[in-house]
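Just so it is clear, the values below take in all heavy atoms, side chains as well, and ignore hydrogens, waters and symmetry mates.
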Amino acid sequence: MRSSINSYLGDYLRRGSETAFAHRRGLRVERWSYRRTAEAAYHFARELEARGVGRGERVLIWGVNSPEWVAAFFGCAARGAVVVPLDVESAPDFVARVREQTKARLVLFSEETREAAGRLEGLPRLALEELEGTAARHSPEPFEAEGVGAGDLLEIIYTSGTTAEPRGVVLTHGNLLANLAPIEEEVGKYLRWERLVHPIRFLSLLPLSHVFGQFMGIFVPQLLGGEVFFQNSLNPSEIIGSIKRQRVSVVVTVPRLLETLREHVERQEEARGRLAEFRRAIEEAKGAHPAARLWKFRRLHRRFGWKFWAFVTGGATLAEETETFWRRAGFAVLQGYGMTETASLITVNHPFKSARGAVGKILPGHEVKLGEGGEILVRGKNVSPGY
């Protein structure tokens, strides 16, 4: 029974040199092992201690997805500090108000937010790209502040805004674990089969500043010993290129991007003079066996790479037309439903038992009912204690 997310770092150490995260930096792809990530987190926890950032104090993370982002997140958690993740597109005045509201002690930024972070006068700052080198003077041995448990605050997630006063959703270690525990239990049933396709590689197109992005970019992949490739570009050609080159198995994204990828595929078919034929094939694939779909759309699967098989999507409503397109083309489409206040999830589709047009079954331990006017009411340990 896990009492905090910090216990996952022990799993990271046990996986050792296996790749955990990768991202493109300049012209090359940089890969971080599970051990390197855990040790960087412990380094950073001790750096926070040296800087006098104590348990319960706030640290802003304002940067693009990267292995350093993950190490900083876990480092804060190990120290008992509270992470305040910010979308890289957040307006500087919004960030200034969040800083004031949270009484932040430190801001971590990436190259994309360097200039804006520099305007937060009087707030110590550290570049994510320099995190590993700066904190390397400390011991990489396991570190955890005494008594950090399920009831302790882990993070405060703000939704972007320009006029209203920022409102941050408070999430505890226990909130996230309430959703992760049943997923971890279910994943355990399939690990012996996972060896046949190891490693499962995830392409994460969601910001880690959002809790759904964290779930599918940090927590769920490591339950499988998987690899996560972070990509900041949302250009359809670059996404498809990355899927094939990195031998990606699963893409984590939002419905709008699934629609964009569909439009891109159709434009390519149109350019080849085959759009009408392609659309007819999609229509004819209704009710076809998965193997038949794979053969019928083999050119499309070759374009994505033969290891790719599934999209995981959430955060908004997925149009039935778009879901039908990808399913008939021979790809799995997995949906979930939830909100920041429920630590991302309320329901989720099972990878091998998903139903078309459904957002899955209610996770164990959660209660859901319809209130007056059709309002969805949720109760469970995943529900935020407040704002």
Side-chain angles (χ1 to χ4, degrees), residues 2 5-24 29-41 65-71 73-74 176-177 179-208 210-232 239-240 242-254 304-314 331-336 344-345 348-354 360:
R2 300 182 187 274
I5 67 149
N6 297 331
S7 62
Y8 288 120
L9 288 176
D11 298 344
Y12 274 50
L13 290 175
R14 284 189 288 276
R15 292 200 174 97
S17 61
E18 291 185 55
T19 299
F21 303 100
H23 70 141
R24 185 170 297 281
V29 173
E30 184 174 354
R31 301 184 188 280
W32 281 47
S33 70
Y34 276 96
R35 177 171 292 279
R36 180 181 175 184
T37 306
E39 290 183 346
N65 294 359
S66 67
E68 290 93 340
W69 202 109
V70 179
F73 182 89
F74 273 117
L176 268 68
L177 289 173
N179 285 335
L180 286 166
I183 294 175
E184 184 170 10
E185 183 179 350
E186 188 66 19
V187 163
K189 301 174 184 177
Y190 298 90
L191 285 180
R192 59 178 174 170
W193 306 111
E194 188 274 338
R195 296 171 192 162
L196 301 175
V197 292
H198 187 80
I200 295 177
R201 296 186 178 94
F202 295 76
L203 175 62
S204 176
L205 301 173
L206 300 177
L208 294 176
H210 297 175
V211 72
F212 182 50
Q214 292 172 16
F215 252 78
M216 297 307 306
I218 299 177
F219 296 108
V220 171
Q222 59 92 27
L223 298 178
L224 296 157
E227 299 178 10
V228 178
F229 187 83
F230 292 127
Q231 177 161 311
N232 298 316
I239 291 171
I240 295 172
S242 292
I243 292 171
K244 187 168 187 177
R245 281 193 305 273
Q246 303 302 325
R247 302 186 70 235
V248 165
S249 313
V250 179
V251 168
V252 182
T253 186
V254 292
F304 278 84
W306 289 106
K307 195 170 184 183
F308 176 65
W309 67 279
F311 294 101
V312 175
T313 182
F331 300 97
V333 180
L334 308 176
Q335 296 190 68
S344 179
L345 294 178
V348 67
N349 258 316
H350 193 292
F352 306 121
K353 305 172 186 176
S354 62

Using atom types as modelled, flag every donor-acceptor pair under 3.5 Å from a side chain in residues 221-230 to any protein atom, sequence neighbours excluded.
{"unit_1": "Q222", "atom_1": "NE2", "unit_2": "F219", "atom_2": "O", "d": "3.0"}
{"unit_1": "E227", "atom_1": "OE1", "unit_2": "R201", "atom_2": "NE", "d": "2.9"}

Could you tell me if the side chain of [Y] sits less than 4.5 Å from the side chain of [X], heavy atoms only?
| X | Y | result |
| --- | --- | --- |
| I183 | L345 | yes |
| F215 | N179 | yes |
| F74 | I5 | yes |
| L334 | F311 | no |
| N65 | F21 | no |

| said: Over 60° means perpendicular and under 30° means parallel, so tell me whether F331 and F308 are parallel, tilted or perpendicular. | reply: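 Aromatic pair F331/F308 classed tilted.
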From [X] [atom1] over to [Y] [atom2], what is the distance, rounded to the nearest 0.5 angstrom?
| X | Y | atom1 | atom2 | result |
| --- | --- | --- | --- | --- |
| Y8 | I218 | OH | CD1 | 12.0 Å |
| K244 | W306 | NZ | CH2 | 9.5 Å |
| Y12 | T37 | OH | OG1 | 6.5 Å |
| L196 | E194 | CG | CD | 8.5 Å |
| E30 | R24 | CD | CZ | 12.0 Å |
| H198 | E18 | NE2 | CD | 4.0 Å |

Using every non-hydrogen atom in the two residues, find where [X] and [Y] come nearest and quote the distance to one decimal.
| X | Y | result |
| --- | --- | --- |
| L13 | A38 | CD2-CB, 3.7 Å |
| A22 | V29 | CB-CG1, 4.1 Å |
| S204 | G217 | OG-CA, 4.4 Å |

Exercise for the section: Start with the C-alpha distance between I239 and I243, add both sets of side-chain angles, then the distance that settles side chain to side chain contact (heavy atoms under 4.5 Å, CB included), and finish with yes or no. Expected result: CA-CA 6 Å; I239 291 171; I243 292 171; 3.9 Å; yes
query = Where do V312 and F212 land on the side chain to side chain contact (heavy atoms under 4.5 Å, CB included) test, with the steps shown first?
reply = CA-CA 11 Å; V312 175; F212 182 50; 4.2 Å; yes
By side chain to side chain donor-acceptor pair (under 3.5 Å), D11 pairs with (sequence neighbours left out) R2, R14
Checking F202 against V248 for the side chain to side chain contact (heavy atoms under 4.5 Å, CB included) test, could you report, in this order, the C-alpha distance in whole Å, the side-chain angles of both residues, the deciding distance, and whether it holds? CA-CA 6 Å; F202 295 76; V248 165; over 6 Å; no
Determine whether more than 12 heavy atoms belonging to other residues, nucleotides or ligands lie under 6.0 Å from atom CD of E185.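 Not more than 12 within 6.0 Å, no.
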